[in-house]
2 protein chains.
Amino acid sequence: MNQNSKRYDGDTWSKLEEIREIVIHSIASNIDLYGVPHSIGRLYGTMYFHNEPMTLDEMRDALGMSKTSMSTGVRSLLDIKMVNKTYQKGVRKDLYRVEEDWYNSFFYLFSSKWGRAVRQNERQIRKAKEMLEELLEETSDPSLTEIIERDLGKMEHALEYYDWLKRLIKSFETEEIFRFIPKQSPKQPSGHSHASSQESEAN
Amino acid sequence: MNQNSKRYDGDTWSKLEEIREIVIHSIASNIDLYGVPHSIGRLYGTMYFHNEPMTLDEMRDALGMSKTSMSTGVRSLLDIKMVNKTYQKGVRKDLYRVEEDWYNSFFYLFSSKWGRAVRQNERQIRKAKEMLEELLEETSDPSLTEIIERDLGKMEHALEYYDWLKRLIKSFETEEIFRFIPKQSPKQPSGHSHASSQESEAN
DNA sequence: ATGTTTGTACAGTTTCTACTTTACAAACTT
DNA sequence: AAGTTTGTAAAGTAGAAACTGTACAAACAT
């Protein structure tokens, strides 16, 4: 079962590893979009092709890095739900496997990182808006009121944008986005192109 | 016109700056999502409230940083189109102002960073897929073919996901996303809630 | 209990990133 | 022409991030 423990035709096997390396490298060099360092991207890629759950020791051996790094690395992948902890009876060590559903990983990234940022900015801007309104009442100087009103306009505009972002993120969380961008691309059988409303199987 | 060169009621003015500082700080502490360092986030926030275009020297004075930092900082903001270069007759210095449309900034981030990543990963995975298919033909060992087929399945799955991401990004670029998530949130006057198809003014 | 395995906290090292200072080229002025 | 001004390249520095080795606590085995 475990393709790492058996010895197949060595030539084919090394070719396979070469191919996998291409993909792993590509993943690793783009994973910074998830705020994850390159080397941990390699870890992710390695786990992606390793079909069974992995232990920290296996990761260490596979990547030639320290076990501590594997521990912290897998933890950061766990935080953004790119890997999951699994359990297997009779196995003492912690086991991890990659989250197979990449849509989930993508959505979770937004829900967490972007969602957090949006909420914070929204809160601060709301606070600023209130303070500006208060300040506006206390001010008589017309050139100053003009500036305050301009700032207020910016705050309104910003709040509108953050509200939009929140709705976008929600459409990810609820997977309603699939109503608009379906998982399987439209095969254009005959009719119109966009905004088809076919159902998508959520998992 | 320029609120920095005149002297208004000092008390009100400092209160205003205090309020702005709240917003600037909040923006700066979340701008890492755009791959921009904190201090350059402050630069962005400062420019955001400074209603006229700014020169590098003004930035240096406003932030107390080196002119070189301002130069590289504003360049990185320029790269992701969060600021624009502007021209003003009779002015020798380069002038910059923030991109007012935050939707644009957000969309451009995806179009550039994510789009680039998607294209690269897609290309590499397509290459890997071809190589795997080739390898599959040369292989007789049944346990080995099983593994190759499993990898091939992963590649298919990945390509499907990247296709989806590409369509999502395209919906940003074309602003068709606004058909699904309109700029102004539905005021729920009476009817249904989501997927309204009202038009949005593109700018 | 004593001994072993497993994961992580902590301290130290290296490597990288965000700056600053200096120096200079290009564009403008006189 | 020589002298300014303006933006950036290059080199150096300080601090942060990524990684390693050691030490240890918790869980399990005997």
Side-chain angles (χ1 to χ4, degrees), chain A residues 24-25 27-47 50 52-80 82-97 113, chain B residues 24-25 27-47 50 52-80 82-97 113:
Chain A
I24 292 172
H25 179 75
I27 291 174
S29 66
N30 289 124
I31 206 160
D32 60 295
L33 292 171
Y34 283 78
V36 171
H38 185 90
S39 66
I40 305 305
R42 292 197 62 81
L43 171 60
Y44 178 85
T46 305
M47 292 175 75
H50 189 101
E52 281 82 35
M54 284 183 91
T55 67
L56 291 178
D57 288 315
E58 285 172 330
M59 297 175 198
R60 167 175 48 69
D61 294 341
L63 299 181
M65 292 177 70
S66 72
K67 197 173 173 182
T68 307
S69 288
M70 299 302 93
S71 177
T72 58
V74 88
R75 178 181 288 268
S76 65
L77 290 174
L78 216 46
D79 284 344
I80 56 177
M82 288 183 72
V83 308
N84 300 311
K85 206 167 185 173
T86 60
Y87 303 94
Q88 209 165 307
K89 51 186 172 188
V91 179
R92 250 176 80 186
K93 306 187 184 191
D94 293 357
L95 290 168
Y96 303 93
R97 59 168 160 67
K113 298 206 188 227
Chain B
I24 292 172
H25 178 76
I27 290 174
S29 65
N30 289 122
I31 206 161
D32 61 295
L33 292 171
Y34 283 78
V36 170
H38 185 90
S39 66
I40 306 305
R42 291 195 63 81
L43 171 59
Y44 178 86
T46 305
M47 293 175 76
H50 189 102
E52 281 82 35
M54 284 183 92
T55 68
L56 291 179
D57 288 315
E58 286 171 329
M59 296 175 201
R60 168 175 48 69
D61 294 340
L63 297 182
M65 291 177 71
S66 74
K67 198 174 174 183
T68 307
S69 287
M70 299 300 94
S71 178
T72 58
V74 88
R75 178 180 289 266
S76 64
L77 290 173
L78 217 44
D79 284 344
I80 55 178
M82 288 183 72
V83 308
N84 300 312
K85 206 168 184 171
T86 60
Y87 303 94
Q88 209 165 306
K89 49 188 174 188
V91 178
R92 249 176 81 187
K93 306 187 184 192
D94 293 356
L95 289 168
Y96 303 93
R97 59 169 161 66
K113 297 207 188 227

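Every chain is numbered from 1, with letters handed out A, B, ... down the list of sequences.
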**Q** Please give, in whole Å, the distance from D:dG7 C1' to B:Arg60 CZ?
**A**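 Going from CZ in B:Arg60 over to C1' in D:dG7 covers 12 Å.
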
**Q** Just how far, in rounded Å, is P of C:dT4 from NZ of A:Lys93?
**A**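 So the NZ-P distance, A:Lys93 to C:dT4, works out to 16 Å.
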
**Q** Would you mind reading off the distance between B:Asp57 atom CG and D:dT8 atom C1', rounded to a whole angstrom?
**A**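 Rounding to the nearest Å, CG of B:Asp57 and C1' of D:dT8 are 13 Å apart.
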
**Q** In this structure, how many angstroms lie between the C1' atom of D:dG7 and the CE atom of B:Met54, rounded?
**A**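 B:Met54 atom CE is separated from D:dG7 atom C1' by 16 Å.
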
**Q** Can you tell me the distance, in whole Å, between the CG atom of A:Leu95 and the C1' atom of C:dT6?
**A**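 Nearest whole value for this atom pair: 12 Å.
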
**Q** Is the shortest side-chain N/O distance from A:Lys67 to OP1 or OP2 of C:dG7 below 4.0 Å?
**A**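 It does, given that an N or O in the side chain of A:Lys67 lies less than 4.0 Å from OP1 or OP2 of C:dG7.
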
**Q** A:Thr72 side chain N/O closer than 4.0 Å to the phosphate oxygens (OP1, OP2) of C:dT8?
**A**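 It does not, given that no N or O in the side chain of A:Thr72 lies less than 4.0 Å from OP1 or OP2 of C:dT8.
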
**Q** To the side chain of B:Pro37, which of C:dA18, C:dT6, D:dT8 is closest?
**A**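 Selected nucleotide: C:dA18.
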
**Q** What is the distance, to the nearest angstrom, from the CE atom on A:Met70 to the C1' atom on C:dA9?
**A**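 Rounded to whole Å, this separation is 17 Å.
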
**Q** Please confirm whether the shortest side-chain N or O distance from B:Ser66 to OP1 or OP2 of C:dC19 is below 4.0 Å.
**A**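 So the side-chain polar atoms of B:Ser66 never come under 4.0 Å of the phosphate oxygens OP1 or OP2 of C:dC19.
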
**Q** In this structure, how many angstroms lie between the P atom of D:dA17 and the CZ atom of A:Arg75, rounded?
**A**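 Interatomic distance, CZ of A:Arg75 to P of D:dA17: 18 Å.
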
**Q** If we check side-chain contact (heavy atoms from CB on, under 4.5 Å) with B:Thr55, which of these qualifies: B:Leu95, B:Val74, B:Asp61?
**A**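 The passing option is B:Leu95.
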
**Q** Between A:Val36 and A:Thr68, which has a closest nucleotide on DNA chain D that is more 5'?
**A**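 By nearest-heavy-atom nucleotide position, the 5'-most residue is A:Val36.
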
**Q** Is any side-chain nitrogen or oxygen of A:Ser39 closer than 4.0 Å to OP1 or OP2 of D:dC19?
**A**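 For D:dC19, OP1 or OP2 has a side-chain N or O of A:Ser39 closer than 4.0 Å.
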
**Q** Whole angstrom is fine here: how far is it from CG in B:Asp94 over to C1' in C:dA27?
**A**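 Taking atom C1' of C:dA27 as the reference, CG of B:Asp94 is at 11 Å.
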
**Q** Would you give the length of the straight line joining atom CG of A:Asn84 to atom OH of A:Tyr96, rounded to the nearest 0.5 angstrom?
**A**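 Atom-to-atom, A:Asn84:CG and A:Tyr96:OH are 11.0 Å apart.
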
**Q** Please confirm whether the backbone N or O of B:Lys67 pairs with a side-chain atom of B:Ser71, one donor and one acceptor, at under 3.5 Å?
**A**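 Judged by distance alone, no pair lies under 3.5 Å.
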
**Q** Toward the 5' end of DNA chain D, which comes first, B:Tyr96 or A:Ser69, by nearest nucleotide?
**A**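 Its nucleotide being nearer the 5' end, the pick is B:Tyr96.
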
**Q** Side-chain N or O of B:Arg92 versus OP1/OP2 of C:dA27: is the shortest distance under 4.0 Å?
**A**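 No, no such contact exists.
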
**Q** If you look at every heavy atom in B:Ile27 and B:Gly41, which pair is closest and at what distance?
**A**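 Closest approach of B:Ile27 to B:Gly41: CG2-O, 4.4 Å.
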
**Q** With the side chain counted from C-beta on, respond yes when A:Val36 and A:Tyr44 share a heavy-atom pair under 4.5 Å apart, and no when they do not.
**A**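 No, side chains not in contact.
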
